[in-house]
Amino acid sequence: MTTAPTPVPATASAAQSGGGAPGPATPAPITTASASARTAKAPRPGKRRAGGGRAWLAALPLLLFFVIGFGLPAVAIAIGAFTTSSDAPDGGGTFTTANLTGSLQGAYWTAMWGSVKLSLLTALIATVVGLPLAQAVATSRFRVFREAVMSASGVLANFGGVPLAFMFVATLGNSGEVTKKLGLTAHGWSLYTFSGLSVVYLYFLVPLMVITITPALEGLRVQWREAAYNNGATSLQYWRHVALPVLLPSLLGGFVLLFGASFAAYATAEAMVGSSVPLISMQIGDALSGNVLVGQGNLALALGLDMIVVACLVMAVYLPLQRRSAKWLA
C-alpha cells in the first residue's frame with residue numbers, strides 16, 4: 001500500500017526547482033509590537049470632546065470670576081459713560097456723548113497726557129535699567145544671589161501705595177534724611193513734582209522688569225553665543241546681531257507691561273503728590289468723590305472708559321509680542 005505524497009507549497013517547490021513563477025507571498029510573521037499595534041484602539045472623537053469639556057469645566061470658576069469682577073463693571077462703566085447722571089436736569093438715564101467729549105478736553109485731557117508721559121518715561125527707564133540687572137541674575141553662578149534677587153524683585157514689584165509714598169517722603173522729601181544730608185533742596189530737587197514721582201515709580205517698575213525679562217534671558221541658548229564667538233564676533237556684536245533681535249519681542253512686551261502698571265497706579269501718587277501732578281487716575285478719584293459740576297456725575301465713568309480703552313490697546317500690543325517671544329525662546 002502506497003501513501004500519497006505530501007503537498008508542497010508553491011513557493012517552496014519553485015525554490016527547489018530553481019525557477020518558475022513565484023507563488024503567493026508568505027505572510028510576514030506577526031511580532032509582539034505589530035500585534036499590540038493592531039490591538040491598540042485609536043482614541044475616539046467622543047472621548048476627546050469629553051476631555052475638552054472637562055477642561056472647560058475646570059476653567060469655569062476663573063471665567064466666572066473674570067465676568068463678575070471685570071466684565072460686569074466694564075459694561076456698567078460703558079453704559080454710564082454714554083448716559084446722563086442722576087443729578088442731571090432731565091433726571092438721568094438719557095443717552096449722551098457729552099461725558100466722553102468732556103473727558104477728552106481741558107484739564108482732563110491734560111491729565112490723560114500727563115499719565116501717558118509719566119508711563120512712557122518710567123517704562124523706558126525701567127526697561128533700560130532692568131535688562132542688565134536681569135542679565136546679571138540670569139548668568140550668575142551663585143544660586144543664593146539669584147534666589148535673593150528674584151525674591152526681592154517679587155516683593156518690591158508689588159510694594160506700593162501709602163507705605164511706598166511715606167518711605168520716599170521720609171527719605172527724599174523736603175525734610176527727608178537724604179535730602180538734608182546731601183543738600184538736594186539747594187540743587188532744585190523736589191519729590192512732589194513730575195521728576196520726583198518718576199523716581200518713586202521706578203522703585204517698583206525696575207523689579208517688575210527684572211521678573212519679566214529674566215525668563216527670556218534664560219531662553220537664550222548657549223550654542224548661539226558659542227557660534228557667534230567661533231565666527232569671530234565680539235560680545236557687542238553678539239548682543240547687537242543675535243541676542244537683542246531675539247529678545248526684542250520680550251523687551252517690547254515688558255515695556256508695554258510696565259507702561260500699563262505705571263498708567264494704572266493711583267494710591268502712591270494720591271498719597272504723595274495729590275493733584276500737584278496732573279494724572280488721569282487723580283481726576284477719576286476727584287470725580288468719584290463729587291468734585292465735578294452739577295449734572296456731570298457720570299464724567300468719572302467716561303474717564304474710566306478712557307483708561308479701559310488704553311488698557312485694551314496695551315494688551316492688544318502685549319499679547320502678540322508674548323506669543324512671538326515664546327516661539328523664539330521655546
Side-chain angles (χ1 to χ4, degrees), residues 113 115-160 195 198-265 307-330:
W113 179 237
S115 294
V116 171
K117 289 192 298 182
L118 178 65
S119 302
L120 287 175
L121 177 63
T122 54
L124 179 61
I125 296 176
T127 301
V128 174
V129 176
L131 179 59
L133 293 178
Q135 174 64 11
V137 173
T139 58
S140 176
R141 298 180 180 179
F142 301 99
R143 181 179 178 182
V144 176
F145 170 76
R146 170 187 169 82
E147 292 180 352
V149 173
M150 295 303 294
S151 299
S153 299
V155 173
L156 297 178
N158 295 279
F159 183 75
S195 301
S198 300
V199 173
V200 177
Y201 275 28
L202 290 176
Y203 186 84
F204 61 85
L205 290 181
V206 172
L208 181 59
M209 185 61 188
V210 172
I211 297 175
T212 304
I213 201 63
T214 298
L217 290 170
E218 293 176 344
L220 293 176
R221 300 176 184 176
V222 181
Q223 293 84 348
W224 297 346
R225 181 188 294 268
E226 294 176 350
Y229 290 164
N230 290 336
N231 285 278
T234 62
S235 180
L236 180 61
Q237 291 173 335
Y238 162 75
W239 278 98
R240 179 182 176 184
H241 298 287
V242 180
L244 286 181
V246 174
L247 290 174
L248 184 60
S250 297
L251 288 174
L252 293 178
F255 172 82
V256 172
L257 182 63
L258 298 183
F259 175 88
S262 177
F263 187 78
M307 292 194 69
I308 291 176
V309 171
V310 174
C312 291
L313 293 176
V314 169
M315 293 304 299
V317 176
Y318 176 73
L319 293 178
L321 292 173
Q322 281 297 99
R323 286 197 296 266
R324 184 175 180 182
S325 175
K327 180 180 68 174
W328 274 100
L329 300 175

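Heavy atoms only: backbone and side chains are in, while hydrogens, waters and symmetry mates are out. Along the sequence shown, the residues carry numbers beginning at 1.
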request  = Could you note down all residue pairs passing ring pair (Phe, Tyr, Trp, His ring centres under 6.0 Å) where residues 240-264 supplies at least one of them, sequence neighbours left out?
outcome  =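 Non-adjacent pairs meeting ring pair (Phe, Tyr, Trp, His ring centres under 6.0 Å): Phe259-Phe263.
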task = Begin from the C-alpha positions of Val129 and Leu202 and carry the test side-chain contact (heavy atoms from CB on, under 4.5 Å) through to its verdict.
result = CA-CA 10 Å; Val129 176; Leu202 290 176; over 6 Å; no
Rounded to the nearest 0.5 Å, how far apart are [atom1] of [X] and [atom2] of [Y]?
{"X": "Ser250", "Y": "Leu244", "atom1": "OG", "atom2": "CG", "result": "11.5 Å"}
{"X": "Thr214", "Y": "Leu131", "atom1": "OG1", "atom2": "CG", "result": "9.5 Å"}
{"X": "Leu247", "Y": "Leu252", "atom1": "CG", "atom2": "CG", "result": "10.5 Å"}
{"X": "Ile125", "Y": "Ser198", "atom1": "CD1", "atom2": "OG", "result": "6.5 Å"}
{"X": "Leu124", "Y": "Leu120", "atom1": "CG", "atom2": "CG", "result": "8.5 Å"}

query = What's the shortest heavy-atom distance between Leu217 and Gln135, and which atoms?
reply =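 Closest approach of Leu217 to Gln135: CD1-N, 3.3 Å.
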inquiry  = Show the nearest heavy-atom pair for residues Ser262 and Leu118, with the distance to one decimal.
reply    =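 Heavy atoms of Ser262 and Leu118 come nearest at OG-O, 4.1 Å.
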task = Kindly indicate whether the side chain of Leu251, heavy atoms from C-beta on, has any atom under 4.5 Å from the side chain of Met209.
result =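 Result yes, sub-4.5 Å side-chain heavy-atom pair found.
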message = Before you tell me yes or no, could you show the steps for Glu147 and Phe142 under side-chain contact (heavy atoms from CB on, under 4.5 Å), namely the whole-Å CA-CA distance, both residues' side-chain angles and the distance that decides it to 0.1 Å?
response = CA-CA 9 Å; Glu147 292 180 352; Phe142 301 99; over 6 Å; no
key: Partner of Thr127 by side-chain contact (heavy atoms from CB on, under 4.5 Å), out of Thr122, Val206, Leu258, Leu205   =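 Result: among Thr122, Val206, Leu258, Leu205, Leu258 is the only option passing the side-chain contact (heavy atoms from CB on, under 4.5 Å) with Thr127.
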